[in-house]
Amino acid sequence: MTGDDAAFGALLRRMRLGASLTIEALAEASGVSVRGIGDLERGRRAAPQRRTVAALADGLGLGDAERERLLAAARAGRSPGYSPAGVRAFPRGIDDFVGRKQQLVRLAELAGRTEEATGRPVVAVVSGPPGTGKTTLALHAARGLAHLFPDGQLMVDLRGMDDAPPAPSELILGVLKALGVADRDLAKAGPSAHSELYRQTLAGRRCLLVLDNARDETQVRPLLPGAGAALVVVTSRRMLTGLESVHRLPLGELSTEEATAFLTAMVGSERAGSDPAGLAEVAHRCGHLPLALRVAGNWLATRTGWSVRRLTDRLGLEERRLASLTAGDVRVSAAFDLSYRQLTPSAARLFRLLSLLDGPDTSAACAAQLIGRPLFDTEDTLEELVETGLLGADGDRYRFHDLLRLYARTRLEADEPAADATRARTAMHRWLLETAIVAGRWFEPDHGAPPATWQGTVDLSSAENARRWLQAEGPEWLAALRHTASAGEHRTVVAVAEAMHWFSDQWIFWGHWPEVFGTAASSAEALGDPLLEATHLNHHAWAMLVCEGRHHDSLTRSSQALAAARRSGDLVQEGWAHMYISWALRLLREYNPAVDHNTRAARLFEAAGDLTGSLQAKSGHGLALLHAGRAEEAIDVITRTLSFLDEAEDLLEPHIAEFTRTSEHSRLGDAYSLLERWDDAVAHLQTAVALSRDSGNTALESFHVTSLGKAHLAAGQPEQAYQAFLRCLSLADANPRSTAEAREHLARLGSPPLPDPALAPPP
């Protein structure tokens, strides 16, 4: 309490003793409770409002002068800045507050709105997962805004995580007493009228009310005043979606910079500067979660002999990380326990099972397979986890915070029978791979849309939907493929890889195609089927060549594929083996052998009646001529390939026709560049960029737009070149090689020239 509060209490005590009254006697004479008088005299309670002082003066039998003296002492206790509920007594740690600038600015704006003559309080809900610092933010903001609320700043702990949190009626009574409402008035109104008295009291005051740690809407709603100039800040792990007319401030983890600054403030700049990389790693392993950062910072602050690297290593063991994030009676896992205990049984089980996922996020359809429940029921359960702050949502994807994932894993081990967890994972993996096959076949010749008999929970009604699903669930179906391969289910492995063959062109730089096709080649070998072996050795040769640039290793693989294809007597796979041999030789600058193998491939595809293979052989022939520097011959062959494509387009898989047409225009651009016919070169490269953009293949667009930039540069058009390279960077590393090349060119170009609207990125 303030010194003014203590002065009032001391004066009251002197007057009571001067009147030879006990506390009990004064309570009986004034109608103020014994406890209330005792708290006032000891300075444990704020100086009361005028009517309570008047009652005490009457009970004491004071004359006018003494009555005024007592009233003056009470007014001093209620002067601007006075804090009835002690919000100024901040918890320890508040002084090293870091970040949250956007939320603080927003709360300041909302505080300013209370000065408007609307007659309505402003309510802000600060929500977020456990450990994100909701209470700390509210208290920090309250301290900065206190001067705007001269009638009091109160903090009320709603104890929402308790097994039996206080009822609204109990909380209302506590606020009324903190605001100085006399016990006599409370008794006169009676419990049934306390809510109305609460609203009337707040309506006449300019107060800041922090309702901390709310359980749910039912607990909070009766505490929201309906009139007046109050700012109410509610903190809760739940989103409190049911509250209406509130301003929402969701909290997540801190940024990398904020998390590092947080730790630096705790351990000192000298120690932090001795190992900045180690400190950043500590922040990363704490998931940038404020509570975890505080625990880690306390470890370093109290273990002055420890190096930052020692704590980094201690947190490096995932299975021990949560146990390590304990400092005295503060445990990160304990904060998670409180939310977990409040989940319904189905939500708790899904929370545990989600820790089986390998990717950073998941869909409702995948979660439904994991828990074995209908899709709509699973969506409701996922939303319960989101509402309680144990799961994040981004569009239609759901994700764990890193530390919550580790916590869910500990609950899985403790609360879920191992056999049940294994069954759940197996069912999910089976569904993932079945769906991946159907989705991938959209891009395969002679397949396309799912068969009419297919009944799935994912919308695969278009190739675009299939592409999105395969990319979004990539980490999960890849993990499922690994488990399936280790279990010896080789038929499934080769089926998945075969379905991915043409889709891989849509996602070239994913980074896992060599593993996918290498695993399938091993499975095919285990099955003892030379045709399957040739097929997947060819796919693996492509992946090593295009995705990793391992030309010699690719040549070895395609040579093995050729031998297996000949053993099987399959002309198509023999043709593809020659194609990949030609491709590798071309990149190794062995042009004559490359042309020879490409010619053999063309003959084999023609003999087998394989239209797709024939198209690729024609395309490969033009590319070989281009790489050999025979630009005019290459232009002739590429032009004829485009004519062939026009004639056969209706017989080809749309994805393959589209991909090939884009590539041919890009190669024409390169050929004309060799001849320094810049207008023709730019025109064809612009066509390639437009086609790849329309198809949604950002990896190809990144490649082609970089080629376009280089053509503009060579043609003496730096402005257009700058815009092309800038467009490449806007594609967010869809093609790492092109991105690196574009950055180099931009660095050499220096400051940006005037933009070319024709090349500006689309909105």
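Computation of the quantities below employed the complete heavy-atom set of this structure, encompassing side-chain atoms and omitting hydrogens, waters and symmetry-equivalent molecules.
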From R349, M428, E476, residue fulfilling side chain to side chain contact (heavy atoms under 4.5 Å, CB included) relative to L370
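Checked R349, M428, E476 against L370; only one passes side chain to side chain contact (heavy atoms under 4.5 Å, CB included): M428.
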Hydrogens and angles aside, do [X] and [Y] bring a side-chain donor and acceptor to less than 3.5 Å of each other?
X    : Y    : result
S523 : H490 : yes
D459 : S461 : yes
H536 : E525 : no
S692 : H704 : no

Assess whether a salt bridge exists between [X] and [Y], defined as any Lys/Arg side-chain N lying under 4.0 Å from an Asp/Glu carboxylate O.
X    : Y    : value
E434 : R430 : no
R727 : E701 : yes
D553 : R557 : no
D361 : R397 : yes
R441 : E498 : no

Between [X] (side chain only) and [Y] (backbone N and O only), is there a donor and an acceptor less than 3.5 Å apart?
X    : Y    : answer
Y398 : L391 : no
R405 : L357 : yes
T435 : W431 : yes
D415 : R352 : no
T639 : I635 : yes

Among residues at least two apart in sequence or on other chains, which ones pass salt bridge (Lys or Arg N to Asp or Glu O under 4.0 Å) with R482?
E515
Output all residues satisfying salt bridge (Lys or Arg N to Asp or Glu O under 4.0 Å) with D636, sequence neighbours left out; order by chain, then residue number.
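Only R640 meet the salt bridge (Lys or Arg N to Asp or Glu O under 4.0 Å) criterion with D636.
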Atom pair [atom1]/[atom2] of [X] and [Y] - distance to nearest 0.5 Å:
X    : Y    : atom1 : atom2 : result
H539 : W502 : NE2   : CH2   : 9.5 Å
S707 : H712 : OG    : NE2   : 11.5 Å
Q616 : F605 : CD    : CZ    : 8.0 Å

Is the gap between the ring centers of Y591 and H627 under 6.0 Å?
no
